[in-house]
Trainee: 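Next up is a structure, given as structure tokens.
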Amino acid sequence: MATDKTKHLKCVLDSHKIQKEQALLDKHITKKDEIKAALKEEYGSKMYEPFNSGSYAKHTAINTKFDFDLVAPYKRDAFDTLKEMYNAVHDFLHKKYSDEATVKKQKVSIGLEFFADEDGHVVKVDVVPGRELNQDQYKDDNNINLYVHSQLGTIPEGSERLKTNPKAQISNVKDHAEKESVRHDIKLLKIWKVQNGKKPKSFFLELITIKAFDKKDITGDLWDKLKAVLEFIRDEVKTISLPDPGNSNNDVADTLTDVEKSDLSDDMKYMLERIEENSDNIKLYFKVNPDHPCEDKMEENKYNVKREGVSAPPATRFG
Amino acid sequence: MKFFCATIGLTLSISETVVSKLILEGRKHYPKEYGGILVGRYSDDSKACIVEDTILPQNHKSSRYAFERGKEGLAQKLSELYEQTPRLIYIGEWHTHPDSAPFPSATDKQAMLQIANDNGVTIASPVLLILGLNSTSYTLGAYLQFQNQLIRYEQQD
């Protein structure tokens, strides 16, 4: 029997809701708050308030990839160079957490992966150090410079000035993700990325989905809309520009090389062809989270009546 | 407008005419909250709920942040609708959130739990519509009290 693609995708989305992993989510929030407090204690007046900039903050989180990004904005005079800032924050986090987590240098962040707890839960928090461009300017525009530790797409290793504005990035994605269709398609692409071990950064997928909705008239049911986004990526990714909402001079499309963009286009092409050939193939690309299945249970749910007869609802107060 | 609750696989339909009526009544009382009850029917397989109309309360109290729906006359009106053909039944509640998002407050959640558990209510899962509105625009949030949880529907069109 053919698969109802929209029904399947709804189930996929439902099974990936972060609320279904509340305990793990709570542990991430607790650990993020703990790291934030440690940074504030260590750096005091040398820094501004650290904040979460990950998918949870942008309302595009899924429950199988729980990375929290904690942006740590420093004052201009806190460090002489961005490299010094990056290394100092790494050394501090390594000293404080290496007994309970793997602490490693990543592209622009320092990754902390805490060892599994008694529930088998692994908490991951990425700390992104950044420094304001000029003394006290951050308060006015939230702009910071990041240090690029290792090559980020076409952006070379050791780049001193990757200017960005994480708060503008968050609000841009969050505002667009208020539209349910955009939010659903972003989450589905993230699920595809995680389940299939694909390359693009989540931020890339967020921006290209938003652009697809901006450029195309996308309507229909959940599958129709996802298909339109997949087609857009297939057709446009090799030449597209994705200006960073945090700094229009940064092109987020540059976080993939030409070969990687070509691979992504091919991935979309083959995926669309295979799903077109046989609707069951959608289950190969977008899998229900087996920890939270929904299909069987859904068949049993109904609008039940407690008994036949007329209701007499009580007086009720709402707020 | 059609809503779907992906978590439990149930749908909710409400016509533009009914939505317009809710907006009209809500705006009459803006910037205070206002509301009423919803009447409609369930599909034969009990997987879909169709909102057909609203009954406005004969007595109520309201302020900018609260709405208390009275029950005067409601039972009589619901009895009449139950006897007519096609039969319409009580299916839930609606109220406005002036200048605010249509997210249920703690009071709203408590109210829906009480309604679902009330002996006078014959349905197990009452619907809650919240109309966030100001003088020029509105947003509709739809929720279902289902097995002790208030679950949000997602809009399909």
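Numbers restart at 1 for each chain; the letters A, B, ... are given by sequence-line order, proteins then strands. Just so it is clear, the model here is predicted, and its values are computed rather than measured.
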Trainee: Quick check: are there more than 12 heavy atoms from other residues, nucleotides or ligands sitting under 6.0 Å from CG of D119(A)?
Mentor: yes
Trainee: Which one of E93(B), Q114(B), K109(B), M112(B) has the most heavy-atom pairs closer than 4.5 Å to chain A?
Mentor: E93(B)
Trainee: Are there residues of residues 184-193 of chain A whose heavy atoms fall under 4.5 Å of chain B's heavy atoms? If so, which?
Mentor: H184(A)
Trainee: Taking every heavy-atom pair that is under 4.5 Å apart, which of L144(B), I91(B), T11(B) has the most such pairs with chain A?
Mentor: T11(B)
Trainee: For Y56(A), I'd like to know if atom OH has over 12 heavy atoms of other residues, nucleotides or ligands within 6.0 Å.
Mentor: no
Trainee: Working to the nearest 0.5 angstrom, can you tell me the gap between F146(B) CZ and N304(A) CG?
Mentor: 7.0 Å
Trainee: Can you tell me which portion of I130(B) sits under 4.5 Å from chain A's heavy atoms? Options are side chain, backbone, both or neither.
Mentor: neither
Trainee: Is there a side-chain contact between Y303(A) and L12(B) in this structure, where contact means two heavy atoms from C-beta onward sitting under 4.5 Å apart?
Mentor: yes
Trainee: Can you tell me if CD on E276(A) sees more than 12 non-hydrogen neighbours from other groups inside 6.0 Å?
Mentor: no
Trainee: Below 4.5 Å, heavy-atom pairs only: which of A75(B), P126(B), A111(B), G70(B) has the largest tally toward chain A?
Mentor: A111(B)
Trainee: Which bit of I89(B) comes within less than 4.5 Å of chain A, counting heavy atoms only: side chain, backbone, both or neither?
Mentor: neither
Trainee: If you tally heavy-atom pairs under 4.5 Å against chain A, which of D45(B), T122(B), N59(B), T107(B) wins?
Mentor: T122(B)
Trainee: Side chain, backbone, both or neither: which part of E72(B) has a non-hydrogen atom closer than 4.5 Å to chain A?
Mentor: neither
Trainee: Which members of residues 306-319 of chain A, sorted by number, sit under 4.5 angstrom from chain B on a heavy-atom basis?
Mentor: K306(A), R307(A), E308(A), G309(A), V310(A), S311(A), A312(A), P313(A), P314(A), A315(A), T316(A), R317(A), F318(A), G319(A)
Trainee: Which answer fits Y65(B), side chain, backbone, both or neither, if we ask what part of it has an atom under 4.5 Å from a heavy atom of chain A?
Mentor: backbone
Trainee: Are there over 12 heavy-atom neighbours, none belonging to Q149(B), within less than 6.0 Å of that residue's CD?
Mentor: no
Trainee: Between A106(B), S62(B), A48(B), which has the largest tally of heavy atom pairs under 4.5 Å with chain A?
Mentor: A48(B)
Trainee: In terms of heavy-atom proximity below 4.5 Å to chain A, should H60(B) be classed as side chain, backbone, both, or neither?
Mentor: neither
Trainee: Can you tell me how far apart OG (S125(B)) and CG (N301(A)) are? Round to the nearest 0.5 Å.
Mentor: 9.0 Å
Trainee: For the interface with chain A, which of K71(B), E33(B), E154(B) has the highest count of heavy-atom pairs at distances below 4.5 Å?
Mentor: E154(B)
Trainee: Take a 6.0 Å sphere around NZ of K215(A) and say whether it holds more than 12 heavy atoms from other residues, nucleotides or ligands.
Mentor: no
Trainee: For K32(B), is the NZ atom crowded, meaning more than 12 foreign heavy atoms sit under 6.0 Å from it?
Mentor: no
